[in-house]
Trainee: 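Before we start, here is the structure in question, set down as structure tokens.
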Amino acid sequence: MPSPPATILGLETSCDETAAAIVTDDGRVASNVVYSQHDLHGRYGGVVPELASRRHIETVEVVVLEAMQQAGITWSDLNAVAVTNGPGLAGALLVGVSLAKALSYALRIPLIDVNHLEGHLASAWIDDPDFPTPCVVLIVSGGHTHLYLVNPAGSYELIGHTLDDAAGEAFDKAAKMLSLGYPGGPALDRIGRKGDAGAIRFPRPYLKRGNLDFSFSGIKTALLYYLRDLDQAGQPKRVADIAASFQEAIVDVLVEKAFEAVRRFKVGAVAVVGGVSANSRLRTVLASRAASTGIRLSLPSLGYCTDNAAMIAAAGLKAYTQGRFTSWQLEATAESPHHRLATKRL
Ligand code: KG4
Ligand code: ZN
């Protein structure tokens, strides 16, 4: 039996990106519009929640209209609206959730709430719809470093996570220490390309075989002491070498853990998603490890790594085909416990 037509509007306003996207029946992304607030928060060195919410309010309408126009559709073409509802900044989430509820009510179409991490998980299948399960998915973003085992039936379980900082947070803090500007991760990636990754040996915490948890605060502290010692000795900083070496330590840990999970659970496929999966060194090392081990790798294209609404619409499409809708009573929730995610189905 053919599935009902589905044109899904996805909305994402959980942090500092205002995003809207249209995904259609077959999972095709018809548009993916992201307005980034980086210029607004740059001078503060991090996201200011109140400013983020206000900027979402100012831009969300234009972003949605742009997504509709790029997809060449009108309101009456929409079959459902999917919106990120946690984890994220409460005031920022409220903007997307309020608009989604209003559209759902006005257009009489189903409302679907999507956990932000579920959105990142779904991004593994946007470019590669046949990516197999069971598989391991590593989410590496500014707030999360989480390893999941995705089962063939679509359920997923958390099999490892960071005990302190997330990988993206470590990149951002290191970039701040090196005065590379904001956002730190992409800046560190860029300058690291010009450096020698073997110049300094930073620690690789928790790399014991079999352990699937992460810890990045030790690498960050090692960098802090390294920079302090240089200052005290009056020596110049070779920023590109420091960035490349720091990045290499994080990449080593992420790749080892992802492939350790693949070994432990005897699966043939691994996906790495979330903002840090845009990191050029991480992508290179993952691709060569996948090639040498014969493990299938899914890395979303760059537009689906950092926060975007295509991944929210893609997760929404799955919910839509399964008839999983939300009521208009939906409230924006900043916290989104993992047990909720773990019991959901992709
Ligand atoms: O998924 P995302 O856009 O937002 C969250 O859900 O947190 O991830 C943002 C994180 C930030 O920490 C940012 O510095 C990091 O992803 N990031 C990168 C790169 N691009 C984004 N980290 C390292 N290299 C990059 N190229
Ligand atoms: Zn994210």
Side-chain angles (χ1 to χ4, degrees), residues 10-19 21 32 34-38 41-42 45-47 49 52 83-89 92-93 96 114-124 126 137-146 161-162 165-178 180-195 197 214 216 219-220 243-244 246-255 271-286 299-312 314-315 334 336 341:
L11 289 175
E12 156 62 44
T13 64
S14 67
C15 192
D16 59 346
E17 260 93 29
T18 316
N32 184 31
V34 180
Y35 169 84
S36 169
Q37 302 181 357
H38 291 163
H41 303 287
V47 179
V83 63
T84 304
N85 189 22
L89 303 169
L93 288 163
V114 175
N115 181 298
H116 184 76
L117 296 179
E118 194 181 3
H120 277 303
L121 275 171
S123 71
I126 295 179
V137 182
L138 172 62
I139 301 183
V140 261
S141 69
H144 298 87
T145 301
H146 282 37
H161 64 99
T162 181
D165 293 352
E169 199 179 348
F171 270 112
D172 293 339
K173 287 178 178 166
K176 212 169 195 169
M177 288 184 223
L178 294 168
L180 297 179
Y182 172 87
L188 199 141
D189 183 350
R190 263 193 311 278
I191 194 148
R193 279 177 222 159
K194 298 181 204 135
F214 303 82
F216 293 109
I219 309 184
K220 187 187 65 190
F246 182 86
Q247 176 171 267
E248 199 68 10
I250 298 209
V251 167
D252 264 3
V253 173
L254 294 175
V255 174
V272 181
V273 301
V276 178
S277 68
N279 182 269
S280 60
R281 180 68 187 151
L282 178 62
R283 294 174 84 90
T284 303
V285 177
L286 282 168
L299 277 173
S301 48
L302 294 181
Y304 307 139
C305 293
T306 43
D307 286 349
N308 65 90
M311 67 184 194
I312 303 303
S336 207
L341 179 66

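First listed ligand is number 1; within each ligand, the first listed atom is number 1. This one's a predicted model, so the numbers in the text were calculated from it and none came from an experiment. For the single chain, residues carry numbers from 1 onward in sequence order.
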Trainee: Check V272 against P300 and note the closest heavy-atom contact, atom names and distance.
Mentor: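 Looking at all heavy atoms of both residues, the shortest contact is O-CD, 3.1 Å.
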
Trainee: When you measure from the heavy atoms of C15 to every atom of ligand 1, does any distance fall below 4.0 Å?
Mentor: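 No, C15 has no heavy atom closer than 4.0 Å to ligand 1.
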
Trainee: Could you name the option among C305, S36, S141, S280 that has the heavy atom nearest to atom 5 (C) of ligand 1?
Mentor: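 When every heavy atom of C305, S36, S141, S280 is considered, S141 comes closest to atom 5 (C) of ligand 1.
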
Trainee: How far is atom 9 (C) of ligand 1 from its nearest protein heavy atom, and which residue and atom name does that atom have?
Mentor: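 Minimum-distance protein heavy atom for atom 9 (C) of ligand 1 reads G142 N, 3.7 Å.
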
Trainee: Below 4.0 angstrom from a heavy atom of T306, which ligand 1 atoms are there? Numbered from 1 as shown, please.
Mentor: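 Taking each heavy atom of T306 in turn, ligand 1 has 3 (O), 21 (C) under 4.0 Å.
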
Trainee: Show, in sequence, the C-alpha distance, side-chain angles and deciding distance for F171 and N279, and conclude whether the side-chain contact (heavy atoms from CB on, under 4.5 Å) test is met.
Mentor: CA-CA 10 Å; F171 270 112; N279 182 269; 3.9 Å; yes

Trainee: Please name the pair of heavy atoms, one in A334 and one in L93, separated by the smallest distance, quoted to 0.1 Å.
Mentor: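 Looking at all heavy atoms of both residues, the closest pair is CA-CD1, 3.7 Å.
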
Trainee: Would you say T13's side chain and A92's backbone share a donor-acceptor pair under 3.5 angstrom?
Mentor: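 Side chain of T13 to backbone of A92, a donor-acceptor pair under 3.5 Å: yes, one is there.
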
Trainee: What residue and atom, counting heavy atoms only, is the protein's closest point to atom 12 (O) of ligand 1, and at what distance?
Mentor: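 Checked against all protein heavy atoms, atom 12 (O) of ligand 1 sits closest to D172 OD2, 2.7 Å.
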
Trainee: Polar contacts were defined as any N/O atom of the residue lying under 3.5 Å from an N/O atom of the ligand; does this apply to G184 and ligand 1?
Mentor: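 Min N/O separation from ligand 1 is not below 3.5 Å for G184.
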
Trainee: If we check side-chain contact (heavy atoms from CB on, under 4.5 Å) with H144, which of these qualifies: V276, L138, L117, T162?
Mentor: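 Only one option passes, and that is L117.
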
Trainee: Looking at D189 and R193, is any side-chain nitrogen of the basic one under 4.0 Å from a carboxylate oxygen of the acidic one?
Mentor: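 A salt bridge links R193 with D189.
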
Trainee: In degrees, rounded to 10 degrees, what angle do H116 atom NE2 and H120 atom NE2 make at the Zn ion (ligand 2)?
Mentor: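 Answer comes to 100°, rounded to 10°.
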
Trainee: How close does the nearest protein non-hydrogen atom get to atom 20 (N) of ligand 1, and which residue and atom is it?
Mentor: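 Ranking protein heavy atoms by distance from atom 20 (N) of ligand 1, first comes G275 O, 3.4 Å.
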
Trainee: I'd like to know whether H38 forms a side-chain contact (heavy atoms from CB on, under 4.5 Å) with D16, so could you lay out the CA-CA distance, the side-chain angles of the two residues, the decisive distance to 0.1 Å, and finally the verdict.
Mentor: CA-CA 7 Å; H38 291 163; D16 59 346; 3.5 Å; yes

Trainee: Would you kindly specify which portion of P186 sits under 4.0 Å from ligand 1, judged on non-hydrogen atoms: side chain, backbone, both or neither?
Mentor: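 The answer is both.
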
Trainee: Taking all heavy atoms of A310 and all of Y304, pick out the closest pair and write down the distance.
Mentor: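 Reported closest heavy-atom pair: CB-CE2, 3.7 Å.
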
Trainee: Give a yes or no on whether the backbone of A19 and the side-chain of E12 come within a donor-acceptor separation of less than 3.5 Å.
Mentor: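 It does not hold such a pair.
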
Trainee: Identify the two heavy atoms, one from D165 and one from F216, that lie closest to each other, and give their separation to 0.1 Å.
Mentor: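 Nearest heavy atoms, D165 then F216: O-CD1, 3.4 Å.
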
Trainee: As an exercise, identify every atom of ligand 1 less than 4.0 angstrom from a heavy atom of D189.
Mentor: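 Here the atoms of ligand 1 in question are 24 (N), 25 (C), 26 (N).
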
Trainee: Should M177 and K220 be marked as a side-chain contact (heavy atoms from CB on, under 4.5 Å) after you check the CA-CA gap, both sets of side-chain angles, and the distance that decides it?
Mentor: CA-CA 9 Å; M177 288 184 223; K220 187 187 65 190; 3.5 Å; yes

Trainee: Measure the distance from atom 3 (O) of ligand 1 to every protein heavy atom, then report the residue, atom name and distance (to 0.1 Å) of the closest one.
Mentor: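 Going by distance alone, atom 3 (O) of ligand 1 is nearest to D307 N, 2.9 Å.
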
Trainee: Which N, O or S atom name in D307 marks its closest approach to the Zn ion (ligand 2)?
Mentor: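 The closest N, O or S atom of D307 to the Zn ion (ligand 2) is OD1.
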
Trainee: Between H116 and H120, how do the two ring planes meet: parallel, tilted or perpendicular, split at 30° and 60°?
Mentor: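 Geometry flag for H120 against H116: perpendicular rings.
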
Trainee: Within ligand 1, which atoms have a heavy atom of G143 less than 4.0 Å away?
Mentor: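 Checking each atom against G143, I get 7 (O).
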
Trainee: If you measure every N or O of E17 against every N or O of ligand 1, does any of those distances drop under 3.5 Å?
Mentor: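 There is no such contact.
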
Trainee: Pair I139, L121 - check side-chain contact (heavy atoms from CB on, under 4.5 Å), show working.
Mentor: CA-CA 7 Å; I139 301 183; L121 275 171; 3.9 Å; yes

Trainee: When only distance counts, is G168 in polar contact with ligand 1, meaning an N/O pair under 3.5 Å?
Mentor: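 Between G168 and ligand 1, an N or O pair is found under 3.5 Å apart.
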
Trainee: Give a yes/no verdict on whether any heavy atom in H120 is under 4.0 Å from an atom of ligand 1.
Mentor: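 Right, H120 reaches ligand 1.
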
Trainee: For the pair H146 and H161, name the ring-plane relationship: parallel under 30°, tilted 30 to 60°, perpendicular over 60°.
Mentor: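 Because their plane-to-plane angle lies in the 30° to 60° range, the rings of H146 and H161 count as tilted.
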
Trainee: Quick one: look up the protein heavy atom nearest atom 22 (N) of ligand 1 and list residue, atom name and how far away it is.
Mentor: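 Closest protein heavy atom to atom 22 (N) of ligand 1: G185 CA, 3.5 Å.
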
Trainee: Counting backbone and side chain alike, does H144 bring an N/O/S atom below 2.8 Å of the Zn ion (ligand 2)?
Mentor: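 Looking at H144, which is the residue asked about, there is no N, O or S atom under 2.8 Å from the Zn ion (ligand 2).
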
Trainee: As an exercise, identify every atom of ligand 1 less than 4.0 angstrom from a heavy atom of H116.
Mentor: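 Near H116, meaning under 4.0 Å from one of its heavy atoms, ligand 1 has 6 (O).
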
Trainee: What I want to know is whether G274 and ligand 1 share at least one N or O pair that is separated by under 3.5 angstrom.
Mentor: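 Such a contact does not occur with ligand 1.
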
Trainee: Hey, is the Zn ion (ligand 2) within less than 2.8 Å of some N/O/S atom on C15?
Mentor: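 Not a single backbone or side-chain N, O or S atom of C15 is under 2.8 Å from the Zn ion (ligand 2).
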
Trainee: Below the 3.5 angstrom mark, is there an N/O of F171, backbone or side chain, next to an N/O of ligand 1?
Mentor: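 It does not: no N or O of F171 is found under 3.5 Å from an N or O of ligand 1.
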
Trainee: Considering only protein heavy atoms, which is closest to atom 24 (N) of ligand 1, and at what distance to one decimal place?
Mentor: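 Going atom by atom, the protein heavy atom closest to atom 24 (N) of ligand 1 ends up being N279 ND2, 3.0 Å.
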
